[in-house]
There are 2 protein chains.
Amino acid sequence: MAQEFHALNERAQLLLKTLVERYIADGQPVGSRALSKYSGLDLSPASIRNVMADLEDMGFIASPHTSAGRIPTSRGYRFFVDTLLTVKPLDRIEINQLEGQLQVNNTQKLVASASHLLSDLTRFAGVVVTPRRSGGFRHIEFLRLTEKRILLILVTAEGDVQNRIIQTDKIYSPSELVEAANILNQNYAGCSFDEIRRRVHAELKQVQEHMSQLMAAALAAGDQAVSESAEDVVISGEINLLGIDDLSSNMTKLRDLFNLFEHRSTLLQLLDHSSRAQGVQIFIGGEAGLTPLDECSVVTAPYEVDGKIVGTVGVIGPTRMAYERVIPIVDITAKLLSSALTQR
Amino acid sequence: MAQEFHALNERAQLLLKTLVERYIADGQPVGSRALSKYSGLDLSPASIRNVMADLEDMGFIASPHTSAGRIPTSRGYRFFVDTLLTVKPLDRIEINQLEGQLQVNNTQKLVASASHLLSDLTRFAGVVVTPRRSGGFRHIEFLRLTEKRILLILVTAEGDVQNRIIQTDKIYSPSELVEAANILNQNYAGCSFDEIRRRVHAELKQVQEHMSQLMAAALAAGDQAVSESAEDVVISGEINLLGIDDLSSNMTKLRDLFNLFEHRSTLLQLLDHSSRAQGVQIFIGGEAGLTPLDECSVVTAPYEVDGKIVGTVGVIGPTRMAYERVIPIVDITAKLLSSALTQR
DNA sequence: ATTGGCGCTCACGCCCAAGGAGTGCTGGGC
DNA sequence: GCCCAGCACTCCTTGGGCGTGAGCGCCAAT
């Protein structure tokens, strides 16, 4: 019993690997007979049972009841993805196809289609955290709708457009609006709103009083527009999860899961976690600390703009998922999204 | 048997009414004993059974199996909502509360919150068809991102903002961009893109060749932006339907239903139907011709801007819903949305 | 026309038995 | 010391049988 000291000998690893693979493939608890057939090792079921008992003791597998086969525990999956899994990267042709799907000309749509891409390819739920904004702007424009309603159009540093209606006390003439916009555009483009606020205060005492009021409103609106849409989670293909019998057996669990999807902030927290590390990360079962995700895994990867991580893409599916397929898909999607966003 | 001639005598109507109400209230097939208790008529179960048999012959009710009570058929519901139902309008206080929820400052968000409102209040799925755009624009702006990438910002006649990146062959200077925008804004604001296209072609032969190319691109993009986001369906609270046991018993049906939700165009067609009539409309069960909606009802009402119908709000829920509550909610939401959109 | 009574039909819940899958253990062979 | 055939055991699953209760249709009496 020397090898029970944490480490798994080669045979145990191989058996664990094929067990997980079998289970992922057909969702049934795997018995000793099946393992003896598929492991490639020329061992009788009886011998295999011994190893399985060890694996169970160590918490890698468990049996739903006495006379069923074994299924992987979270720990089993964890070991599997960490050291047993062999991922086959996608080939060039597939990548090119994917690249074609991401040719879209504005950030929101790009993010949305990345999310769709993930859900379509994996048949699970795709998630994308929208890119963090730097908080500056590239261009500002005021447009008069009615006397006291002014449309603020704001092009962010990232090149997408925010808009917002400002209610004013005073009436501004079109030329005043143009002038205000010019001042902001010429002097402060690229700065953060905080910075602008300070500098406007300091430098522009001479500007007419009511003009600077307009600017204050603009800054507040800009601030809000930026912070409001700061980081959001775009989910698609939740419906796919309805088809997964692992999840849709427990109606209550399923509802909890979908409730989680509506709670963007919780999800955001989880996903943001991933944007601190490089490369693909995997949360298995309850590892994330969220009960509704008990029987789910989350596969994530950060994406970047100009070499800086700005968001996360990911897939949420059942713990019993084909990791060797999902992982490269998430990986590639993150990379494609990075390059699609960078080249603008 | 004279009254079997289509018409329902008063007693039959009253019994049908209480039967439907009972069934809506607790979801169990209603038997003759229950009806005799709750109808208010002083009749024995046996007499009531006779009437029920008539109602069944006429197709208003049916029994799931021999020894269960009766449940309303689609036809029964139809008769119920058409002539038996007594809706109680919401009181002022509630309306004011709702009005508070719809104070948002841009069309997309307004539509989204209307949809949320519907789903929150009814605990079913809320749908809103986004307002039809007239196809003109109020203001156009070109903004240079890189040499050959130009950001087109388009304020529609309705006052919301579209944006889109144009890839150009040639390089335009900032002043050229300003000039092009000016031409469009000064001469063509308010016209449809089709009209502009014709007039630009006719009137602007003298404009430099490469300038008019830019405009063509702008028009094409504008056209596309308008037509693309022309009409869309915003759905919220689909998750609520997971909790409805009428629907979530059949996993397959449920999946079909959610698939329908992803098929915006089909849904759009159904909802657009409603925007041809005034006031609240109801589709019960398969009446809409869509199989996934077999056990659903759709309650819709058109909303307007400046007196013209531009879209539809609605609720999708199980056939067995509290119509007397849902109908006024949909009605009011349509009216609130109308006024919120008109006052801008 | 209304009603009490009667027999009938099903769905539902329960129990029980048979069948099957898979385990753990043991004892013998290499 | 490792491997493995055999065996007893456990426990899920399936299906049949039975009692119960709800509700109906019909009928004869009022």
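What's counted below: heavy atoms across the whole structure, side chains too, no hydrogens, waters or symmetry copies. Proteins get letters first, then strands, A, B, ... in listed order; numbering begins at 1 in each.
Distance from the side chain of His65(B) is smallest to dA11(C) among dC24(D), dC11(D), dA11(C). Distance from the side chain of Arg70(A) is smallest to dT23(C) among dT23(C), dT2(C), dC4(D). For Arg49(A), the side-chain atoms get nearest to dC25(C) when compared with the rest of dC11(D), dT2(C), dC25(C).
Both Ser47(B) and Thr66(B) sit near DNA chain C, but only Ser47(B) has its closest nucleotide nearer the 5' end.
No more than 12 heavy atoms of other residues, nucleotides or ligands shown are found within 6.0 angstrom of CD on Gln269(A). Heavy atoms of other residues, nucleotides or ligands lying less than 6.0 angstrom from CG of Asp42(A) number 12 at most.
Among the protein residues, Asn50(B) comes within range of the nucleic acid bases, having at least one heavy atom under 4.0 Å from a base atom. As judged by a 4.0 angstrom heavy-atom cut-off over every strand, Ser67(B) is placed among the base-contacting residues. Looking at heavy-atom distances under 4.0 Å, Ala46(A) makes contact with a base.
Counting to the nearest Å, the P atom of dC4(D) and the CZ atom of Arg11(A) are 8 Å from each other. If you take CG of Leu41(B) and P of dT2(C), they are 10 Å apart, rounded to a whole angstrom. Distance Asp57(B) CG to dC26(D) C1': 14 Å, rounded to the nearest Å. Distance, Gln28(B) CD to dG21(D) C1': 14 Å, rounded to whole Å. One interatomic measurement links the two molecules: OH of Tyr23(A) to P of dG22(C), which rounds to 14 Å at whole-angstrom precision. For the pair Leu35(B) CG and dA22(D) C1', the computed distance is 15 Å after rounding to whole Å. In this structure, the CD1 atom of Ile71(A) is 16 Å from the C1' atom of dT23(C), given to the nearest Å. For the pair Asp42(A) CG and dC3(D) C1', the interatomic distance rounds to 11 Å; values are reported in whole Å.
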ask   = What do the steps show when you test Glu287(B) against Arg78(B) for salt bridge (Lys or Arg N to Asp or Glu O under 4.0 Å), and what is the final call?
value = CA-CA 10 Å; Glu287(B) 287 183 356; Arg78(B) 167 58 51 198; 2.6 Å; yes

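Shown are Phe79(A), Phe80(A), Tyr77(A); of these, the ring-ring contact (aromatic ring centres under 6.0 Å, His included) with Phe60(A) is made only by Phe79(A).
Of the side-chain N and O atoms in Arg33(B), none sit less than 4.0 angstrom from OP1 or OP2 of dT3(C).
At distances below 3.5 Å, not a single donor-acceptor pair connects side-chain atoms of Asp120(A) with backbone N or O atoms of Arg123(A).
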